[in-house]
Amino acid sequence: MLRMSTLLLRTLRDDPADAEVASHRLLVRAGYVRRIAAGIYSWLPLGYRTYRNIENIIREEMDNAGFQEVHFPSLLPREPYQETNRWSEYGPDLFRLKDRKGNDYLLGPTHEEMFTLMVKGEFSSYKDLPLSIYQIQTKFRDELRPRSGIIRGREFVMKDSYSFDIDDAGLEASYQRHREAYIKTFNRLGLKFNIVSAMSGAMGGSKSEEFLAPCPTGEDTYVLCENCGFAANVEAMVTKVEAYAGNVPPAFEVFDSPNTPTIDSLVELVNNKFGENITGADTLKNVLLMADGQAIAILVPGDREVDLKRVAANLAGVQELRLFEEEDFAKFPGVVKGYVGPQDAEALGITVYADPRIVIGSHWITGANARDKHARFVTHGRDFTVTGFVEAAEVKAGDTCPQCQTPVVIDRAIEIGHIFQLGRKYAKALGLTVLDQNGKAQVVTMGSYGIGVSRAVAAIAEQTHDEIGLNWPREIAPAQIHLVAAGKDGSIFEFAEKLAKDLEANGLSVLFDDRRDSSAGVKFKDAE
RNA sequence: CGGGUUGUGGCGCAGGGGUAGCGCGCUGCGUUCGGGACGCAGAGGCCGCGGGUUCAAAUCCCGCCAACCCGACCA
């Protein structure tokens, strides 16, 4: 039984000055958490009980699904991470330290290497697979900007699972088992969530889905169709287009267009010059990028920006993608900044990709690759061709749902889980193989599956709180019963004491406000 | 890393060259006792850190650090 008379708890009347989002504000005011440093928090008794209730639900569901719990250190040696190249790849987000002998260590941001090595150390036969193991462990990431209280901290608790299979069909089955277990888990946690495809897969990316808990303060944006339930990460949103049905345009025509640095100024000039009534959507924007050192052009309608994340996610095999800089323009003297068009790309040595909206047969107003000149009736398939289509334009509310053609909305959410078919990257790098039926070594294929445990506390708080305060689902609350003894007569306290004990005897956890020196008002406010 | 804001008792804030203040919380005594009670008496401060100007710095100047918000980044 928790007794308010002795509980390590001090509620605050005022919102803390450094808390913005509801979960942070309320968790601090209610005496659940305290900040220790940027993105690092302590849990007080009420908070820790809540946290543990959530952790236990997750653990139960993992165990129910047949996954086995293990535990790794947080403090890890450099070598395994060196072998997979993440010691350098992870960059400044990795907390690094040295021991007294000067050897390099790190605080684990995620544990793929350790799981892989654990299995490698024990198992060596296809008969041992499939296997799924998990841990609940504190993770460390030196985020550039921790924010939103415990939603994005530098130290946080994550449940991470890994599956090990001999082939792709096995991986798919393990993936589906985790997916089912996650659905059960989040339902029990009382979270509203959408399962969102995180990569298009169209270009060979591994299968990956995110579990997103919708809430206005979430930091992830995603696309949602309120009609059919389609949900996708913006990177994975697929553009629906119709084949070009207009007339065959006249031959393309170059015209003078001085002082048109922006799409708006170009539209105004064209409308004045030709008596047209076009919009930015009739112009073609050519955005030049460097993809792993190679110059590429991305074509999007002039009324849309290029979303670099979408391009990167949908261009197969590209590691580094960035905008053209001045020195890049210097290397391509034929490229006239502000007057780029796709007509001469081949001669200029630039590979061209188009957003799907640039359908074959459509014609556009675009740069003429000469200073102060644009061209119109520039037609895809006649006046220029592209190497391929790639999802590139920013996604906007009102875009068409790829499943049911309804206009979609853009929604915000907290990422509470992520499931991912990793494949053989880590097994290959660390030499995890098993012998198959033929006695031949096979590289194991892996899946990785994460749930933000501490983040779930915040996500549930965000979704369930009301104007008055925190409002936990029963299974998660620090206690199932909050019993308040209010009054001056000692018999009230005696009765309440007995009632509290009876409730506990019947298997209910009780937070008993047995304070004799607090007014009823204080007790009610604290309860809330 | 760019832009913005802020650092003063545990929390929320005021003060802006000469005795460091208010509200909440905390301690003691008394009154009150069902929606954050009241009175009286108290405890609690390197005014973010370092340097400078000055007879005198929380306050002015220089430098640094930290936190928060927006963005970039991150999944």
Side-chain angles (χ1 to χ4, degrees), chain A residues 4 8-21 24-25 27-31 33-42 44 86 89-95 109-110 112 139-149 151-154 156 158-160 196-199 205-206 208-213 217-222 233-236 305 307-309 312-313 320-323 412-420 422 448-452 455 459 468-469 483-490 492-493 496 513 515-528:
Chain A
M4 288 293 275
L8 175 52
L9 174 71
R10 193 101 297 154
T11 57
L12 305 178
R13 290 197 190 203
D14 300 309
D15 282 336
D18 60 357
E20 204 73 12
V21 301
H24 189 197
R25 237 179 45 233
L27 289 169
V28 172
R29 275 192 64 183
V33 301
R34 292 288 181 255
R35 196 183 70 85
I36 296 300
I40 303 176
Y41 290 83
S42 296
L44 282 74
R86 287 165 105 199
E89 246 173 38
Y90 225 98
D93 279 6
L94 194 62
F95 272 107
T110 167
E112 280 83 357
K139 310 283 187 182
F140 300 86
R141 293 183 193 170
D142 194 0
E143 298 274 352
L144 223 41
R145 180 152 108 79
R147 70 179 95 183
S148 308
I151 292 177
R152 174 180 293 276
R154 295 193 294 170
F156 56 98
M158 185 161 119
K159 189 287 305 174
D160 52 330
V196 164
S197 59
M199 285 187 189
S206 304
S208 169
E209 289 169 297
E210 288 174 1
F211 289 71
L212 299 183
T217 51
E219 49 185 353
D220 282 31
T221 51
Y222 71 108
N233 195 307
V234 286
E235 283 94 316
E305 298 298 325
D307 183 332
L308 277 182
K309 284 185 181 179
E320 195 213 342
L321 193 67
R322 60 172 175 79
L323 289 168
R412 295 183 76 83
I414 300 171
E415 183 187 343
I416 48 174
H418 196 166
I419 56 178
F420 187 41
L422 263 185
S448 90
Y449 317 89
I451 293 178
R455 179 181 279 185
I468 305 171
L483 179 62
V484 175
K488 50 182 173 178
D489 191 329
I492 292 171
F493 287 88
D513 199 337
R515 290 175 294 180
R516 301 258 180 166
D517 54 356
S518 299
S519 69
V522 167
K523 294 179 181 182
F524 294 147
K525 287 292 182 196
D526 278 349
E528 282 157 357

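Reminder, nothing fancy here: chain letters follow the sequence lines and each chain counts from 1. The figures that follow rest on heavy atoms only: side chains count, while hydrogens, waters and symmetry mates do not.
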K.L.:
Looking at G34(B), G36(B), A72(B), which one has an atom nearest to any side-chain atom of A520(A)?
P.N.:
G34(B)
K.L.:
How does RNA chain B look in dot-bracket form if you count Watson-Crick and G-U pairs under 3.5 Å, write [ ] for pairs that cross, and put | where a base pairs with another strand?
P.N.:
((((((((.[[[[.)..(..]]]].((((((.....)))))).....[[[[[..)....]]]]])))))))....
K.L.:
Taking side-chain contact (heavy atoms from CB on, under 4.5 Å) as the test, write out the residues that go with L483(A), two or more places apart.
P.N.:
I481(A), A496(A), L499(A), A500(A), V510(A), F512(A)
K.L.:
Tell me: CG of L94(A) to P of A75(B), nearest whole Å?
P.N.:
13 Å
K.L.:
Set out, line by line, the N/O atom pairs under 3.5 Å between protein and nucleotides 4-15 of chain B.
P.N.:
residue: G12(B); atom: OP1; partner: A17(A); partner atom: N; Å: 3.1

K.L.:
With sequence neighbours left out, what residues match Y41(A) under ring pair (Phe, Tyr, Trp, His ring centres under 6.0 Å)?
P.N.:
H24(A)
K.L.:
Taking the P atom in each of C47(B) and G10(B), what is the distance between them to the nearest angstrom?
P.N.:
12 Å
K.L.:
Have a look at R35(A) and say if it touches a base, only the backbone sugar-phosphate, or nothing, with a 4.0 Å heavy-atom cut-off.
P.N.:
sugar-phosphate
K.L.:
Sticking with atom P, work out how far C46(B) lies from U59(B), rounded to a whole angstrom.
P.N.:
16 Å
K.L.:
Where do N or O atoms of nucleotides 46-49 of chain B meet protein N or O atoms at under 3.5 Å, pair by pair?
P.N.:
none

K.L.:
What residues form a side chain to side chain donor-acceptor pair (under 3.5 Å) with Y449(A), not counting sequence neighbours?
P.N.:
S163(A)
K.L.:
Sticking with atom C1', work out how far C13(B) lies from G17(B), rounded to a whole angstrom.
P.N.:
23 Å
K.L.:
Can you identify which nucleotide, out of A67(B), C73(B), A72(B), has its nearest atom closest to the K309(A) side chain?
P.N.:
C73(B)
K.L.:
For R152(A) and A75(B), is the shortest distance between a side-chain N/O and OP1 or OP2 below 4.0 Å?
P.N.:
no
K.L.:
Given A67(B), A75(B), G34(B), which nucleotide is nearest the side-chain atoms of A486(A)?
P.N.:
G34(B)
K.L.:
Identify, with sequence neighbours excluded, every residue that meets side chain to side chain donor-acceptor pair (under 3.5 Å) alongside K139(A).
P.N.:
H111(A), D160(A)
K.L.:
Backbone N or O of T217(A) within a donor-acceptor pair of the R412(A) side chain at under 3.5 Å?
P.N.:
no
K.L.:
Suppose we screen for side-chain contact (heavy atoms from CB on, under 4.5 Å). Which residues come up paired with R25(A), at least two apart in sequence or across chains?
P.N.:
D15(A), P16(A), A19(A), A22(A)
K.L.:
5'-most contact on RNA chain B: E528(A) or G149(A), nearest heavy atom basis?
P.N.:
E528(A)
K.L.:
Would R455(A) and E415(A) count as a side chain to side chain contact (heavy atoms under 4.5 Å, CB included) if you check the C-alpha gap in whole Å, the side-chain angles of each, and the deciding distance to 0.1 Å?
P.N.:
CA-CA 9 Å; R455(A) 179 181 279 185; E415(A) 183 187 343; 3.8 Å; yes
K.L.:
Distance check, P atoms only: G36(B) and C70(B), in whole angstrom units.
P.N.:
34 Å
K.L.:
Are any non-hydrogen side-chain atoms of M4(A) and K523(A) less than 4.5 angstrom apart?
P.N.:
no
K.L.:
In whole Å, what separates the C1' atom of G21(B) from that of A14(B)?
P.N.:
7 Å
K.L.:
Mind checking whether T110(A) and R141(A) have side chains closer than 4.5 Å, heavy atoms only?
P.N.:
yes
K.L.:
Quick check for you: among A67(B), A75(B), C33(B), whose closest atom lies nearest to any side-chain atom of R141(A)?
P.N.:
A75(B)
K.L.:
Between protein and nucleotides 37-45 of chain B, what N or O pairs are separated by less than 3.5 Å?
P.N.:
residue: A37(B); atom: OP2; partner: S519(A); partner atom: OG; Å: 3.2

K.L.:
Please state the P separation for the pair C60(B) and U8(B) - nearest whole angstrom.
P.N.:
16 Å
K.L.:
According to side chain to side chain donor-acceptor pair (under 3.5 Å), who are the partners of R515(A), at least two apart in sequence or on a separate chain?
P.N.:
D513(A), D526(A)
K.L.:
Would you mind telling me which residue lines up with the more 5' stretch of RNA chain B, T11(A) or E219(A), judged by nearest nucleotide?
P.N.:
T11(A)
K.L.:
Pick base, sugar-phosphate or nothing for R145(A), based on heavy-atom distances below 4.0 Å to the nucleic acid.
P.N.:
base
K.L.:
I'd like to check V28(A) versus R34(A) (side-chain heavy atoms, cut-off strictly below 4.5 Å). Are they in contact?
P.N.:
yes
K.L.:
Side chain of K525(A) only, please: which of G36(B), C68(B), C69(B) is the nearest?
P.N.:
G36(B)
K.L.:
If I pick the P atom on G52(B) and the same atom on G28(B), what distance separates them, to the nearest angstrom?
P.N.:
46 Å
K.L.:
Taking the side chain of E20(A) as its heavy atoms from C-beta onward, which of C69(B), A67(B), A75(B) lies nearest to it?
P.N.:
C69(B)
K.L.:
So, using side chain to side chain donor-acceptor pair (under 3.5 Å) as the criterion, who are the partners of R154(A) when residues are at least two apart?
P.N.:
D142(A)
K.L.:
Sticking with atom C1', work out how far G23(B) lies from G9(B), rounded to a whole angstrom.
P.N.:
13 Å
K.L.:
List in chain and number order the residues that pass side-chain contact (heavy atoms from CB on, under 4.5 Å) with D14(A), two or more places apart in sequence or in another chain; answer none if no residue qualifies.
P.N.:
none
K.L.:
Classify R29(A) by what it touches in the nucleic acid, base, sugar-phosphate, or nothing, heavy-atom distance under 4.0 Å.
P.N.:
base
